[in-house]
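Order of the sequence lines fixes the chain letters, A, B, ..., with proteins taken first and strands second; residue numbering starts at 1 for each chain.
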2 protein chains.
Amino acid sequence: MNLIENSPFARKLSNFVVLTASELSALQNLHKRRRIFLAGRDLVQQGQSDQAAYILSEGWVCSYKVQSDGTRQIVDFQIPGDFLGLRSVLLRASDHSFEPITDIQAVEVQTGDLLETFANSPRLATAVLWAASRDEAMVVEHLVNLGRRDADRRMAHFLLELGARLALVGIGSQTGYDCPLTQYHLADALGLSAVHVNRVLRQLRENGLITFRSGKVTFDDRNRLVEFSGFDPEYLDQAGPLLK
Amino acid sequence: MNLIENSPFARKLSNFVVLTASELSALQNLHKRRRIFLAGRDLVQQGQSDQAAYILSEGWVCSYKVQSDGTRQIVDFQIPGDFLGLRSVLLRASDHSFEPITDIQAVEVQTGDLLETFANSPRLATAVLWAASRDEAMVVEHLVNLGRRDADRRMAHFLLELGARLALVGIGSQTGYDCPLTQYHLADALGLSAVHVNRVLRQLRENGLITFRSGKVTFDDRNRLVEFSGFDPEYLDQAGPLLK
DNA sequence: ATGCTAGACTGATCTAAAGCAGTCTTGGCT
DNA sequence: AGCCAAGACTGCTTTAGATCAGTCTAGCAT
C-alpha cells in the first residue's frame with residue numbers, strides 16, 4: 001500500500017502544518033490523475049497558457065528560461081513534493097519551461113479542484129502558501145549566489161541547499177545524496193560553462209570538501225563546506241510546524 | 001485634493017483590475033497610517049520578525065541581502081505603488097533588509113486590516129496577488145540577467161525594465177526618466193563593481209544607446225537598446241485589465 | 001566487435017571584469 | 001572662501017572564468 005502521508009508532498013507540508021486525517025484525505029482527493037513524463041521532453045513551454053499544475057511525486061525537473069541567443073538559465077530544480085507551475089495556473093501564462101531531468105511521475109491538479117480544496121481547508125492553503133514562499137526565498141538566494149559568490153562557493157552553496165531540500169522530504173542523509181544532474185545542468189543553473197563546472201568540482205573534491213561522482217553527492221567535510229560557502233539554512237528551515 | 005485613484009498603488013492595480021468605487025474606498029481605508037522614512041536608514045533588518053507591511057507612495061527603496069563577508073546583493077528596487085514586505089507579513093520573518101534610497105513616504109498596513117480588505121474584496125486580493133506574481137517574475141528575470149548576460153546588456157536590460165515599471169505607475173516617459181540611484185546601487189544590484197558600472201555606462205553612452213547622468217536616464221536610441229539587451233517586456237506587461 | 005553517443009575530463013589561450021590607487025566635480029557646512 | 005564628503009570617473013594590473021579544441025570512458029545499438 002501507498003499511504004498518502006508518506007508522499008513527499010505531504011511530508012513537505014508537514015514541515016509547516018500538522019495534518020489532520022481530514023486534511024490528508026483532502027490531499028488524497030487531489031491525487032486523481034497520475035501522469036508519467038519522459039526525461040528530456042518539456043512539460044510546459046515558455047509562453048504557453050491554460051496550463052495545469054502538477055505535484056511532482058517522483059523524479060527531478062528543472063524550470064528554465066531561454067534567451068534569444070540560445071543560452072539558457074535554469075531558475076530552479078523541482079524535486080519530489082514540489083509544485084510545478086502553481087503560479088502559472090493561478091495567475092498568468094507560464095513564463096518559463098519545465099524539463100524533466102529523469103523520467104517523472106506527477107499528479108495533475110485542476111485549477112478548480114485546487115481552489116476548492118483551499119476553500120474547504122484553509123490550513124492546507126496556508127501550508128501551500130508557505131511552501132511557495134519558501135520557494136521564492138530560494139530563488140532570491142540563487143540571485144545572491146549568482147551575483148556575489150565565486151564559482152567554488154556558488155557550487156558548494158548550491159549542493160548544500162539541494163541536500164537540505166531533499167532532507168525535508170526524507171531523501172538523502174547527512175553524508176550525501178543521489179543526484180541525477182549532469183555537469184551541463186549545473187552549468188546552466190549556476191551561470192558557468194560546463195568546462196568550468198568540471199574544474200570546480202575537481203577542486204572541491206581535491207580540497208576534501210565534497211565529491212560529486214557518478215550520480216552521488218558526498219559531503220566529505222560538511223562543517224568546512226558550510227563555513228566555506230557561507231551557507232545559512234535559515235531561509236529553508238522551519239523550526240517545526242507552526243500550525244499545530 | 002489628493003484622490004486615491006491617482007495614487008501609484010491604485011494606478012498599478014488598475015493594470016490588473018478595473019477598480020469600482022467601493023474598491024477604491026476600501027483602498028482609501030488602508031491608507032490610515034502615513035509614515036515618513038529618511039534615506040539611508042533601514043526600514044526592516046534582515047532576520048527581524050513581526051513586521052508591518054508598507055505601501056510605498058513616494059520615493060525609492062531597495063531590498064537586499066548582506067553576506068557574512070560584507071558584500072551585498074540588491075534583490076530588487078521598490079518604486080511608488082510597490083508593496084514592501086508583503087510576504088514577510090503574511091508568512092515569515094523577513095529574510096532581507098529594506099533601505100530607503102531617497103526620503104520616502106509610505107503607508108503602514110496592519111496584517112489584520114489587509115486580510116480583512118482581502119476578505120471583503122476578493123478582486124482586490126486577486127489584483128494584489130497579480131502584482132506580487134509580477135514582482136516574482138521580475139526577480140526571475142534578474143536571475144537570468146545575472147547568470148547569462150554580460151555587463152553591458154545587463155545594465156541596458158535593467159534600465160529598460162526600470163523604465164517600463166515606472167511607466168506602469170505613470171512616472172517618466174518613452175524617452176527617459178528621473179532616477180536617484182548611485183553607481184554603487186547599480187553595482188550591488190547587477191553583481192558588478194562600482195568601477196565597472198562607470199565604464200559600462202560610459203560605453204553605452206558613447207555608443208549612443210542610453211545616457212545616465214546627474215539623476216536622469218535618457219534613452220538615446222530605444223529600439224537599438226531593446227534589440228541589444230534582448231529586453232522582452234512580456235513578463236511585465238498586462239495587455240489591459242483582465243478583470244473588468 | 002564495432003561504432004556511436006553522452007557525459008566527464010584536460011591543457012592552452014583569451015577576455016571580461018575585478019581590484020588598486022588614485023583624480024575630478026559638486027554641493028553642503030562653518 | 002575654504003574644507004569636506006559623496007559620488008563620478010580614469011589608467012594600470014591582475015584574475016576568474018570563458019572558449020577552443022580536443023581526449024577518455026561507459027553504456028547502447030547494430
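The distance between atom CG of Leu146(A) and atom C1' of dA17(C), rounded to the nearest whole Å, is 16 Å. Per the geometry, CG belonging to Asn198(B) stands 17 Å off P belonging to dT23(C), to the nearest Å. Distance CD (Gln183(B)) to P (dA17(C)): 16 Å, rounded to an integer number of Å. If you take CZ of Arg213(B) and C1' of dA8(D), they are 9 Å apart, rounded to a whole angstrom. Here the P atom of nucleotide dA6(C) and the CG atom of Leu181(A) are 18 Å apart, to the nearest Å. Residue Tyr184(A) contributes atom OH, which lies 14 Å from atom P of dT5(C) at whole-angstrom precision. As a whole-Å value, the separation of Arg205(A) CZ from dT10(C) C1' is 13 Å. In this structure, the CG atom of Leu201(A) is 10 Å from the C1' atom of dA8(C), given to the nearest Å.
Across Leu190(B) and Asn145(B), no two heavy atoms sit closer than the pair CD2-ND2, 4.3 Å. In terms of heavy atoms, Leu56(B) sits closest to Gln78(B) at CD2-O, 3.5 Å.
For an aromatic pair to be called close, the ring centres must be under 6.0 Å apart, and Phe98(B) with Tyr54(B) fails this.
Within the structure, every side-chain polar atom (N or O) of Arg202(B) is placed at least 4.0 Å from both OP1 and OP2 of dA8(D).
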**OP:** Could you please spell out the steps behind the side-chain contact (heavy atoms from CB on, under 4.5 Å) verdict for Phe231(B) and Glu161(B)?
**Re:** CA-CA 8 Å; Phe231(B) 179 64; Glu161(B) 180 193 86; 3.9 Å; yes
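A salt bridge links Lys12(B) with Asp82(B); the closest basic N to acidic carboxylate O contact falls under 4.0 Å.
In this structure, CG in Asn198(B) is found 9.5 Å from OH in Tyr184(B), a value given to the nearest 0.5 Å.
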Original post:
What string of B, S and - do you get for nucleotides 17-29 of chain D, 5' to 3', when a contact is any protein heavy atom under 4.0 Å?
Top reply: BSBB---------
